[in-house]
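Below is one structure, written out as structure tokens; the observations come after it.
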Amino acid sequence: MEGIKIEKIFLLFQIFCIISNRGGNSYAVIESVNESRKFPDKFLFGTSTSAYQIEGGWNEDGKGLSIWDTFTHEHPEKIADRSNADVGPDSYHRFDDDLKIIKELGSDFYRFSISWPRVMPTGDISSLNKAGLKYYDDVINKLLENNIEPMVTMFHYDLPQKLTDIGGFTNPLFLKYFENYAELLYIHFGDRVKYWITFNEPFDYCHPGYGEATYPPLIESDGIANYLCLDHTIKAHAMAYRLYRMKYYEKYGKIGKVGITISSRFYFSKSNDESIVDRGMQFMLGWLAHPIYSKAGGYPEVLIEEIGRNSLGEGRAWSRLPTMSEDWKNLIRGSADFLGLNYYTSRYIEYVESPKGKSPSLERDARINATVDPQWKRAKSTWLYSVPRGLTGLLGFIKDQYSNVEVMITENGFSDDGQLNDDDRIQYIKDHLNAILDAIDQGCNVTAYTVWSLIDNFEWVYGYTERFGLYYVNMSSPNKERIAKKSAKFYTDVIKSHSVSSNL
Ligand code: NOJ
């Protein structure tokens, strides 16, 4: 009797949650319930970092300069606390400390990135730096000796300065440089690395780096160079993927997987116009995901139409959105074994008839206005509001649009001042884990979750003013001790129990 009553209340609660889901999109969202919920047996848990943000050793053992070295040195005024990551958490010298805590957490895998200029100081194979390779050899070997799977990101913002000097991502030769770099990594580490991510968050280096000029290489060419940067990224990704499948997949036992990591928010409609959700999503996730993961391939229609029309209206001879030939479309379509997803936050959106942004610009092309719900909990980062149901919505969107491709969540996390009692981070992670379970219940093919970040680190233009780590690092202490925050204990329990419970 009692059981039936509880079930009824639970059902009513679910219905209430679905009805009260503002924005009314078609992806049912069930808020967390007060009991432990199990993840599928094969579901993997990990943590993530990136080379420039944690390594330090910026000029050691033959490493070349990356654009983040030059940018932070030449423009300290552009970093919130005028800092840089010359030393940072110093993982170049302290990987053993990182390993200790990765083990302590009980993680299945560790996602880290390789610094291109550490292994190829000029970006070119002629400059091969053996000491750089040795550093990553040690990292990979030590992880494997401890049963932790390495997940390697090839590019996480730190482009060799020498490649930027010849145009960086806007130079068509970039494609070959990247393929060549990827091949070095496959040859050298492919016998041990099963998970490869070609690029991390292309949106987040192309727009600020080549559109708005807030990240290096400080190119202000919104609507043009940022679109070219994305185009070359997608093509370079596909070339690196095809290369792996052709030469290395079989050689290394047919178990390796290559994907790309895309960051995306989910959009809810501010009015009752549901078509705006699709438009917003195509201008974000779809820009990169449609060419790679959709059945049709190529850029989303709405981008081709809007950017083409605007370009002609500006008196141009061709569209600012590069044309994707049939050959490229075919090479790119299907060029990934999984979708790496970085999810942090969401927005409400509405259509804007006359956008105010500069012409040309992404803002003008997309014509959407994004707002937040004042009820959403905000992190230290001004852009980061906790919207777990956005993650369920996003995973539903991916399932529907991209044939339920395997999704590995490669980043999710919350920033604060670095306090050890980080209940807000625990709540955030817990809510997002529940959102993933909701998506899995709805048939989404999610196989992994990764917390950003293992340790506090250099948060790009925000320096050390925003902390994302499960472990605190005092950047001015000589030994850079990694000190567990309360969330580290929470995450350890999640990994161990393979479930998320309601108890903090
Ligand atoms: C995504 C980026 O990949 C990472 O480098 C950054 O620190 C986090 N988001 C937090 O902003």
Side-chain angles (χ1 to χ4, degrees), residues 46-56 66-69 71-72 79-81 83-85 88-89 91 110-116 151-159 195 197-209 214-216 229-230 233 237 259-265 284-285 288 339-347 378-387 390-391 394 408-418 422 424-425 428-429 432 448-473 475 487:
T47 56
S48 184
T49 59
S50 90
Y52 182 74
Q53 292 177 278
I54 65 158
E55 281 180 5
S66 87
I67 50 172
W68 276 89
D69 293 314
F71 173 64
T72 52
I79 311 295
D81 53 3
S83 65
N84 57 48
S91 292
Y110 175 55
R111 174 179 179 237
F112 63 96
S113 80
I114 292 187
S115 156
W116 188 345
M151 181 184 277
V152 174
T153 308
M154 300 178 185
F155 178 80
H156 198 124
Y157 303 181
D158 47 353
L159 193 67
Y195 299 105
I197 291 163
T198 53
F199 292 93
N200 177 69
E201 298 197 345
F203 245 74
D204 300 78
Y205 57 79
C206 288
H207 291 309
T214 48
Y215 275 19
C229 171
L230 289 170
T233 296
H237 157 81
I260 183 169
T261 280
I262 306 174
S263 57
S264 189
R265 298 171 174 184
M284 195 174 201
L285 178 73
L288 293 142
L339 191 160
L341 180 69
N342 287 0
Y343 176 80
Y344 285 88
T345 194
S346 285
R347 294 287 185 269
R378 211 199 83 189
K380 180 83 190 290
S381 313
T382 52
W383 53 270
L384 207 180
Y385 292 81
S386 178
V387 197
L391 178 54
L394 183 56
M408 303 185 93
I409 295 176
T410 43
E411 283 184 35
N412 178 243
F414 193 80
S415 60
D416 58 18
D417 290 307
D422 55 343
D424 288 345
R425 175 169 296 106
Y428 178 94
I429 295 175
H432 285 78
Y449 175 79
T450 319
V451 171
W452 180 273
S453 178
L454 176 68
I455 49 176
D456 286 344
N457 58 55
F458 182 79
E459 178 56 12
W460 310 114
V461 290
Y462 303 104
Y464 300 105
T465 64
E466 297 175 8
R467 306 295 189 106
F468 280 85
L470 294 172
Y471 287 77
Y472 169 77
V473 181
M475 302 298 163
S487 58

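Small disclaimer: the values here were computed from a predicted structure and weren't measured. Note that ligands are numbered from 1 as they come in the structure, with each ligand's atoms numbered from 1 the same way. Throughout, numbering of the chain's residues begins at 1 and tracks the sequence.
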query: Counting from 1, what ligand 1 atoms have a heavy atom of His156 closer than 4.0 Å?
result: 2 (C), 3 (O), 4 (C), 5 (O)
- line: side-chain hydrogen bond (donor to acceptor under 3.5 Å, both in side chains) test vs Glu201 passes for just one of Asn342, Thr261, Thr153, namely Asn342
query: Can you tell which of Thr410, Thr47, Asn412 makes a side-chain hydrogen bond (donor to acceptor under 3.5 Å, both in side chains) with Tyr449?
result: Asn412
- request: Identify which of Glu411, Glu466, Glu459 has a heavy atom lying nearest to atom 9 (N) of ligand 1.
  value: Glu411
query: Please walk me through it: do Trp460 and Tyr157 pass ring-ring contact (aromatic ring centres under 6.0 Å, His included)?
result: CA-CA 10 Å; Trp460 310 114; Tyr157 303 181; 4.6 Å; yes
From CG (Leu159) to OH (Tyr205), nearest 0.5 Å: 9.0 Å
message: Is the distance from the ring center of Phe468 to that of Phe414 below 6.0 Å?
response: no
message: Tell me whether Ser50 has any N or O atom under 3.5 angstrom from an N or O of ligand 1.
response: no
- line: for atom 8 (C) of ligand 1, nearest protein heavy atom and its distance come out as Tyr344 OH, 3.4 Å
Test of proximity, Trp383 against ligand 1: N or O pairs below 3.5 Å: no
field: Nearest heavy atoms of Ser346 and Gly390, plus distance in Å
entry: OG-CA, 3.4 Å
message: Does only the side chain of Asp204 get under 4.0 Å from ligand 1, or the backbone, or both, or neither? Count heavy atoms.
response: neither
- request: Would you mind running through ligand 1 and noting each atom that sits below 4.0 Å from a heavy atom of Glu201?
  value: 1 (C), 2 (C), 3 (O)
- prompt: Judging by distance only, is a nitrogen or oxygen of Asn457 under 3.5 angstrom from one on ligand 1?
  reply: no
